[in-house]
Amino acid sequence: ETGVTQTPRHLVMGMTNKKSLKCEQHLGHNAMYWYKQSAKKPLELMFVYSLEERVENNSVPSRFSPECPNSSHLFLHLHTLQPEDSALYLCASSQGSGTSGTQYFGPGTRLLVL
Amino acid sequence: GIQVEQSPPDLILQEGANSTLRCNFSDSVNNLQWFHQNPWGQLINLFYIPSGTKQNGRLSATTVATERYSLLYISSSQTTDSGVYFCAVEQSGGSYIPTFGRGTSLIVHP
């Protein structure tokens, strides 16, 4: 148990669905991250929220939309996804801006897009 | 963009053996991290090491930024060390977003 929880743990959705992934951290950290891990590509950092600023990976398509209402909660809103978006989505948190703080990861949400 | 290559891609060890994993990168970096993902998928951030050497128990890491590589040493390996080790670098003057290597898959047999 790392202090970072993710729900749901598994999700199957159609290409026309809209769903959201949720992440919550209980560590008092001030930065949160979304990562994508797919079978055929290296790990990819999608978004970072740090000290109320957002950093985006420009390669992430607009059908992924993050939301960070406070420092403890992070969402990833999904709409009109493609089968190639099937992957493990990992959330992490850290203390401090940038990637200098040790990141603590959640267990991930395994997403299958049909 | 920056290229990150990890070697070896696969490694099998007997418990108690030592090993060295390597991460080469193609450009100057501001930041380098090592991660471990266990066989059940849990990811752990091992080291933040843009330069120099750090040690944490049986693990240590050294980054020689001027020569564009980093090494992760595992001593007296245990079965719990099994999993995939990833290196990630943040390119100097680039975006904040790190680039990951494809990892070294380690299996430690009892």
Side-chain angles (χ1 to χ4, degrees), chain A residues 1-6 8-10 23 25 27 29 31-51 53-61 64 66 87-111, chain B residues 1-7 9 21 23-26 29-52 54-57 59 61 63 65 70 72 83-105:
Chain A
E1 195 63 45
T2 62
V4 180
T5 58
Q6 291 186 240
R9 294 292 307 276
H10 302 273
C23 176
Q25 59 98 357
L27 301 169
H29 290 164
M32 297 187 77
Y33 311 74
W34 279 118
Y35 287 83
K36 176 184 178 182
Q37 187 173 33
S38 52
K40 299 181 179 180
K41 296 174 64 176
L43 260 167
E44 178 183 11
L45 178 58
M46 304 172 72
F47 303 101
V48 182
Y49 279 86
S50 177
L51 302 175
E53 293 187 3
R54 183 170 93 187
V55 177
E56 301 184 9
N57 185 334
N58 292 331
S59 68
V60 176
F64 294 91
L88 180 67
Y89 289 85
L90 293 159
C91 173
S93 71
S94 71
Q95 182 59 27
S97 60
T99 51
S100 59
T102 299
Q103 295 176 51
Y104 293 80
F105 287 82
T109 294
R110 189 161 296 282
L111 172 66
Chain B
I2 192 168
Q3 305 299 311
V4 181
E5 293 188 5
Q6 292 187 242
S7 60
L21 283 58
C23 173
N24 290 336
F25 41 95
S26 61
V29 299
N30 289 332
N31 182 9
L32 186 144
Q33 298 185 84
W34 283 97
F35 297 83
H36 174 230
Q37 188 169 37
N38 71 17
W40 297 271
Q42 182 65 51
L43 203 59
I44 297 172
N45 193 180
L46 295 174
F47 293 104
Y48 162 72
I49 185 165
S51 62
K54 288 187 177 179
Q55 182 154 7
N56 184 359
L59 301 182
T63 297
S70 182
L72 179 68
V84 183
Y85 291 81
F86 295 102
C87 161
V89 303
E90 186 182 324
Q91 188 173 7
S92 298
S95 72
Y96 172 87
I97 302 295
T99 299
F100 281 79
R102 291 188 173 272
T104 292
S105 176

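Throughout, a chain's letter reflects where its sequence line sits, starting with A, and its residues are numbered from 1.
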**Request:** Identify which part of B:Phe35 has an atom lying under 4.5 Å from any heavy atom of chain A, answering side chain, backbone, both or neither.
**Result:** side chain
**Item:** Distance-minimising heavy-atom pair for B:Gly101 and A:Pro42
**Value:**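 Scanning both residues completely, I find the closest heavy atoms to be O-CB, 4.0 Å.
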**Request:** Please report the closest heavy-atom contact between B:Arg102 and A:Lys40, naming both atoms and the distance.
**Result:**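 Minimum heavy-atom separation between B:Arg102 and A:Lys40: NH1-O, 3.3 Å.
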**Counterpart residues, ring pair (Phe, Tyr, Trp, His ring centres under 6.0 Å), relative to B:Tyr85 (two or more places apart)** = B:His36
**Fill in**
Residues passing the side chain to side chain contact (heavy atoms under 4.5 Å, CB included) test with B:Ser105, sequence neighbours excluded, are B:Asp10, B:Val84
**Rounded distance (nearest 0.5 Å) linking atom CZ of A:Phe47 with atom CD1 of B:Ile97** =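 Answer for the CZ-CD1 pair, A:Phe47 versus B:Ile97, is 9.0 Å.
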**Separation between CD of A:Gln103 and CD1 of B:Ile44, rounded to the nearest 0.5 Å** = 13.0 Å
**Asked** For A:Phe105, does its backbone N or O pair with a side-chain atom of B:Gln42 as donor and acceptor, under 3.5 Å?
**Response**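 Confirmed, B:Gln42 side chain pairs with A:Phe105 backbone.
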**Request:** Answer yes or no: does atom CD of B:Gln55 have more than 12 heavy-atom neighbours from other residues, nucleotides or ligands under 6.0 Å?
**Result:**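 More than 12 heavy atoms, drawn from other residues, nucleotides or ligands, come within 6.0 Å of this atom.
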**Message:** Just to verify, which of A:Leu43, A:Leu45, A:Val48 counts as forming a side-chain contact (heavy atoms from CB on, under 4.5 Å) with B:Pro98?
**Reply:** A:Leu45
**Part of A:Glu56 within contact of chain B (heavy atom distance under 4.5 Å)** =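 Backbone only.
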